[in-house]
Amino acid sequence: MDSLKLNNDALKPAKLLRHLHTIHPTLKDRPTEFFEGKCKSLKKMKLGPSGANVALSQQVRTASFEISQLITANIFEEDAKKKIQNMPLSNNTVKARIGKMSCDIEEQLLGKIKSSPYFALQCDETTDIAQCCQLLVFVRFLDVEDKTIKEELLLSSVLETRLVHVERNRCNANH
């Protein structure tokens with residue numbers, strides 16, 4: 001079976017059945033338990049935001065680091081190698097640096113938004129193939145420095161539940 005991402009319209013039972021018969025004809029006679037098992041194993045897999053297997057992307061990241069080390073070993077002179085080796089690169093140090101850079105980028109973006117005469121927000125709630133709900137908030141604003149309209153990701157957050165369900169429950173409670 002494929003890990004194709006389908007939009008909400010394609011998740012209608014008739015369209016899913018057509019997809020099964022046209023794309024996976026060898027699986028159309030399988031019992032419901034087979035698909036339930038596939039669903040359970042997919043939910044157990046650690047998938048990243050792109051739908052890729054996290055374990056695989058970690059292997060790719062490790063290979064990338066190893067390649068980078070080989071490249072730097074061949075490019076830098078001995079003095080530069082010693083300076084790099086003396087840099088504190090513990091997990092905590094790197095995490096702290098990433099946190100500081102993240103805060104700086106956020107402050108710069110908020111400063112540009114505040115200095116803009118107008119801005120617009122766009123919110124998008126989505127559920128990925130692992131049933132992980134995410135909220136994305138984009139901001140579009142006029143950058144007064146270079147007089148262009150910019151669009152940036154302002155927030156990306158994992159949600160505990162789908163907003164549609166929260167809204168539906170709120171409506172039901174009010175009526």
Side-chain angles (χ1 to χ4, degrees), residues 2-12 15 19 42-43 45-77 79-81 83-171:
D2 54 15
S3 61
L4 178 70
K5 289 187 180 181
L6 301 173
N7 63 23
N8 287 340
D9 187 51
L11 295 176
K12 293 179 180 174
K15 291 188 178 185
H19 174 84
L42 182 62
K43 286 182 181 180
M45 289 176 60
K46 292 186 177 183
L47 300 176
S50 67
N53 190 333
V54 173
L56 182 60
S57 61
Q58 286 175 344
Q59 291 172 347
V60 171
R61 189 177 315 120
T62 302
S64 172
F65 287 142
E66 290 174 2
I67 291 170
S68 297
Q69 286 178 337
L70 289 173
I71 291 170
T72 55
N74 293 327
I75 293 176
F76 292 117
E77 297 174 11
D79 287 342
K81 286 181 186 178
K83 287 179 183 177
I84 290 172
Q85 287 175 346
N86 289 334
M87 286 183 186
L89 294 176
S90 69
N91 287 343
N92 292 340
T93 303
V94 172
K95 181 180 177 183
R97 287 180 186 164
I98 290 171
K100 286 179 184 178
M101 288 189 291
S102 175
C103 288
D104 183 53
I105 291 169
E106 186 177 358
E107 287 174 11
Q108 289 179 35
L109 178 60
L110 292 174
K112 288 183 178 190
I113 294 170
K114 287 177 183 177
S115 66
S116 174
Y118 47 83
F119 66 91
L121 294 176
Q122 177 184 353
C123 301
D124 181 30
E125 180 261 339
T126 185
T127 303
D128 63 18
I129 60 173
Q131 299 301 312
C132 179
C133 300
Q134 300 173 7
L135 175 67
L136 301 174
V137 179
F138 295 90
V139 62
R140 187 176 292 157
F141 60 95
L142 174 67
D143 190 341
V144 293
E145 292 176 6
D146 58 4
K147 307 269 191 262
T148 59
I149 294 177
K150 301 266 176 101
E151 183 174 277
E152 298 286 342
L153 177 65
L154 185 62
L155 171 75
S156 174
S157 180
V158 175
L159 300 175
E160 294 298 318
T161 128
R162 289 189 54 137
L163 291 178
V164 174
H165 295 184
V166 172
E167 198 58 39
R168 187 180 303 139
N169 291 341
R170 190 178 306 146
C171 289

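All figures in this text were calculated on a predicted structure; none of them were measured in a lab. The analysis underlying the following values was restricted to heavy atoms, covering all of them including side chains, and did not include hydrogens, waters or symmetry mates.
Between Q122 and V137, the closest side-chain pair of non-hydrogen atoms is not below 4.5 Å. Put simply, the side chain of V139 does not reach to within 4.5 Å of the side chain of E151, judged on heavy atoms. Within the 4.5 Å cutoff, the side chain of C132 has heavy atoms near those of the V158 side chain.
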Go through it in stages, so that I can follow the logic: the residues are I149 and R140, the test is side chain to side chain contact (heavy atoms under 4.5 Å, CB included), and I'd like the CA-CA distance, side-chain angles, deciding distance and then a yes or no.
CA-CA 7 Å; I149 294 177; R140 187 176 292 157; 3.5 Å; yes

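Here the side chain of D143 pairs no donor or acceptor atom with the backbone of K147 at under 3.5 angstrom.
In this structure, F119 places its CZ atom where only 12 or fewer heavy-atom neighbours from other residues, nucleotides or ligands lie under 6.0 Å away.
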I'd like a table of donor-acceptor pairs (distance under 3.5 Å, sequence neighbours excluded) in which one partner is a side-chain atom from residues 98-118, with atom names and distances.
{"from": "D104", "atom 1": "OD2", "to": "Q108", "atom 2": "NE2", "distance (Å)": "2.8"}
{"from": "S115", "atom 1": "OG", "to": "G111", "atom 2": "O", "distance (Å)": "3.3"}
{"from": "S115", "atom 1": "OG", "to": "K112", "atom 2": "O", "distance (Å)": "3.1"}
{"from": "S116", "atom 1": "OG", "to": "Y118", "atom 2": "N", "distance (Å)": "3.4"}
{"from": "S116", "atom 1": "OG", "to": "Y118", "atom 2": "O", "distance (Å)": "2.5"}
{"from": "S116", "atom 1": "OG", "to": "L142", "atom 2": "N", "distance (Å)": "3.2"}
{"from": "S116", "atom 1": "OG", "to": "L142", "atom 2": "O", "distance (Å)": "3.2"}

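Under the salt bridge (charged side-chain N to carboxylate O under 4.0 Å, His left out) criterion, R97 pairs with no residue at all, not counting sequence neighbours. Looking at residues two or more places apart in sequence or on another chain, you find a side chain to side chain donor-acceptor pair (under 3.5 Å) between T148 and D146. Applying the side chain to side chain donor-acceptor pair (under 3.5 Å) test to E152 and every residue at least two apart in sequence or in another chain returns nothing.
If you take CG on D124 and CZ on F138, they are separated by 7.0 Å, rounding to the nearest 0.5 Å.
Contact detail for L159 and E125: the closest heavy-atom pair is CD1-CG, 3.8 Å. Residues S156 and L153 approach most closely at CB-CD2, 4.3 Å, considering heavy atoms.
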